[in-house]
Q: 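Structure below; questions to follow.
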Amino acid sequence: MLIDGFNRNLDYLRVSVTDKCNLRCVYCMPQGGVRPLAHDEVLRNEEFVHLVGVFAGLGVSKVRFTGGEPLLRKGFMDIVSQVRAQNPSLTLGVTSNGVLLGGALSALEANGVKKLNISLDTIDRARFNRITGRDELRAVLAAIDDALSMGSFKVKINTVLFRDTMDDLDAMLDHFKDRDVTLRFIERMPFDPGRTPGKFITAVDLVRMLEERGTLERNTGIDTSVAVMYSFSYGGRHPMRVGVIPPMTHKFCGRCNRLRLTCDGLLRACLHGTREYDLKTPYRMDMGDDALKKIIADAVREKPGEHHLECAGEEDGCASLAARRQMSQIGG
Ligand code: SAM
Ligand code: SF4
């Protein structure tokens with residue numbers, strides 16, 4: 001097991017398989033995209049598979065593939081199927097913007113991927129285009145419904161909290177009230193200052209808005225390490241699972257069980273930390289798994305107890321806190 005200095009069991013690995021994305025979400029990516037990594041800097045398929053195997057051997061039990069947009073990665077399904085074949089007991093998940101998801105669902109199901117987190121900030125087409133820079137809402141909504149109709153996925157919808165998404169709150173609740181999804185609202189983090197105008201919306205603001213629309217009851221039984229969950233009766237008639245992920249106003253670092261592997265082979269023990277541990281170079285130098293395990297053990301031992309992302313709570317008050325990498329480069 002990977003137990004850190006604060007007695008947290010780090011059993012969850014998020015693997016970013018690409019830094020490329022087919023959307024340009026205002027809170028995540030600069031309009032022109034980020035400078036893509038050179039081909040050779042990015043891990044090859046077999047390198048991802050091997051490194052995931054090393055983590056699994058050390059006690060990681062859950063792996064989530066993310067990006068950029070993971071479904072853009074050439075050979076992505078080969079990575080998933082080999083990881084599955086070599087680690088049958090791993091719980092596998094994918095976080096996707098949903099644009100290419102429809103065409104990937106059967107293969108994901110065949111490889112035993114159970115958890116799908118789909119990012120969707122609005123169900124209004126013009127607003128979607130404004131937020132993401134692309135006219136892809138229909139494809140995303142269709143993929144969500146296809147995934148639900150297959151019956152084998154647990155689907156969570158991730159919505160970043162900001163003015164545009166809150167203007168669409170009623171429409172979102174109406175759309176999802178009869179669908180078997182978990183809605184999770186995420187406090188916007190300051191990864192790209194200056195591109196997300198408007199007041200910062202907090203978890204508490206969201207709770208207030210939900211309370212105006214139905215009965216909200218805390219449901220700790222479905223909390224995750226990052227999400228504060230509620231049973232929500234929308235309009236007093238429609239039971240829904242709704243949650244909030246509040247990295248700016250609340251710290252959930254004490255429950256953090258995550259490690260992150262970037263697509264260029266760097267291990268990050270904290271999303272908001274600046275420390276990265278190079279696994280690619282020793283792997284490519286053939287230094288052996290013991291050397292990799294030692295680096296992973298160092299990262300685990302040195303994982304900070306908490307991050308220091310505090311929100312000023314003002315208009316764009318968080319913008320001064322930009323971290324060094326874009327969210328799309330780390331994988332959220
Ligand atoms: N492209 C995929 C997607 O959008 O689901 C996977 C990568 S994306 C970086 C992972 C998650 O990070 C998404 O749910 C996205 O909404 C979230 N995210 C990106 N930028 C964010 C920000 N500034 N604050 C909060 N969440 C953010
Ligand atoms: Fe791409 Fe996901 Fe970032 Fe949007 S949130 S730009 S879909 S990586």
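Both counts, for ligands and for their atoms, begin at 1 and track the order of listing.
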Q: Going by heavy atoms in the side chains, are C256 and Y12 under 4.5 Å from each other?
A: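 SC-SC contact between C256 and Y12 ruled out.
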Q: Less than 3.5 Å between some nitrogen or oxygen of Y27 and one of ligand 1, yes or no?
A: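 It does: an N or O of Y27 is found under 3.5 Å from an N or O of ligand 1.
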Q: Got a salt bridge between D4 and R8, using NZ or NE/NH1/NH2 to carboxylate O under 4.0 Å?
A: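 Looking at D4 and R8, the cut-off is met.
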Q: List ligand 1 atoms under 4.0 Å from T66, heavy atoms only on the residue side.
A: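 This gives 6 (C), 7 (C) as the contact atoms.
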Q: Of the protein's non-hydrogen atoms, which lies at the shortest distance from atom 4 (Fe) of ligand 2, and what is that distance?
A: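 Protein heavy atom with the smallest distance to atom 4 (Fe) of ligand 2: C25 SG, 2.3 Å.
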Q: Looking only at side chains, do S225 and R255 share a donor and an acceptor under 3.5 Å apart?
A: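 No donor-acceptor contact under 3.5 Å links the two side chains.
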Q: Report, in ascending order of atom number, the atoms of ligand 1 lying under 4.0 Å from any heavy atom of I186.
A: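 Near I186, the atoms of ligand 1 are 25 (C), 26 (N).
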Q: Check ligand 1 against E69 and write out every atom of the ligand that is under 4.0 Å from a heavy-atom position of the residue.
A: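 Once the distances to E69 are compared, the set is 1 (N), 2 (C).
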Q: Within ligand 1, which atoms have a heavy atom of N97 less than 4.0 Å away?
A: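 Selected atoms, number and element: 2 (C), 3 (C), 4 (O), 5 (O).
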Q: Whether the E69 and T18 side chains hold a donor-acceptor pair (N or O, under 3.5 Å, no angle test) is what I'd like checked.
A: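 Absent: no donor and acceptor within the cut-off.
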Q: Does G68 have a non-hydrogen atom less than 4.0 Å from ligand 1?
A: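 Per 4.0 Å heavy-atom rule, G68 contacts ligand 1.
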Q: Could you check if a side-chain atom of F185 sits within less than 4.5 angstrom of a side-chain atom of V207, using non-hydrogen atoms only?
A: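 No, their side chains stay 4.5 Å or more apart.
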Q: Are any of the N or O atoms of M189 closer than 3.5 Å to those of ligand 1?
A: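 Yes; the residue has a nitrogen or oxygen that sits under 3.5 Å from a nitrogen or oxygen of the ligand.
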Q: Distance check below 2.8 Å: does C28 bring an N, O or S atom to atom 1 (Fe) of ligand 2?
A: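 Not a single backbone or side-chain N, O or S atom of C28 is under 2.8 Å from atom 1 (Fe) of ligand 2.
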Q: Could you check if a side-chain atom of L100 sits within less than 4.5 angstrom of a side-chain atom of F76, using non-hydrogen atoms only?
A: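 Heavy-atom side-chain distance check fails, nothing below 4.5 Å.
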Q: Have a look at G98, S16, C21, P70 and point out the one with the heavy atom closest to atom 2 (Fe) of ligand 2.
A: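 It is C21 whose heavy atom sits nearest to atom 2 (Fe) of ligand 2.
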Q: Using a strict cut-off of 4.0 Å, indicate which atoms of ligand 1 neighbour a heavy atom of V160.
A: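 Ligand 1 atoms under the 4.0 Å threshold to V160: 16 (O), 26 (N), 27 (C).
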Q: When only distance counts, is R188 in polar contact with ligand 1, meaning an N/O pair under 3.5 Å?
A: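 It does not: no N or O of R188 is found under 3.5 Å from an N or O of ligand 1.
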Q: Mark up the atoms of ligand 1 that fall under 4.0 Å of a heavy atom belonging to N158, in ascending order.
A: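 It comes down to these atoms of ligand 1: 14 (O).
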Q: Please work out whether any backbone atom (N, CA, C, O) or any side-chain heavy atom from C-beta onward of T95 is under 4.0 Å from ligand 1, and answer side chain, backbone, both or neither.
A: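 The part of T95 near ligand 1 is both the backbone and the side chain.
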Q: Assess the residue pair D19 and R35 against the criterion (side chain to side chain contact (heavy atoms under 4.5 Å, CB included)); give the C-alpha distance rounded to whole Å, side-chain angles, the decisive distance to 0.1 Å, and a yes or no.
A: CA-CA 9 Å; D19 58 338; R35 183 190 68 82; over 6 Å; no
Q: Run the numbers for me: atoms of ligand 2, each under 4.0 Å from some heavy atom of N97, listed by number.
A: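 Ligand 2 atoms under the 4.0 Å threshold to N97: 7 (S).
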Q: Distance alone, cut at 3.5 Å: any donor-acceptor contact between the side chains of T202 and D205?
A: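 D205 and T202 do have a side-chain donor-acceptor pair below 3.5 Å.
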Q: Any chance CZ of R125 has more than 12 other-residue heavy atoms, nucleotides or ligands included, within less than 6.0 Å?
A: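 Incorrect, the count does not exceed 12.
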Q: Tell me the contacting part of C25 for ligand 1: side chain, backbone, both, or neither, using a 4.0 Å heavy-atom threshold, strictly below.
A: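 Neither part.
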Q: Do the side chains of M229 and T224 get nearer than 4.5 Å, heavy atoms only?
A: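 With C-beta onward as the side chain, the pair stays apart.
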Q: Check whether any heavy atom of E69 sits under 4.0 Å from an atom of ligand 2.
A: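 It does not, in that no heavy atom of E69 comes within the 4.0 Å cut-off of ligand 2.
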Q: Would you say the side-chain atoms of E187 and T249 include a donor-acceptor pair closer than 3.5 Å?
A: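 The answer is yes; a qualifying pair exists.
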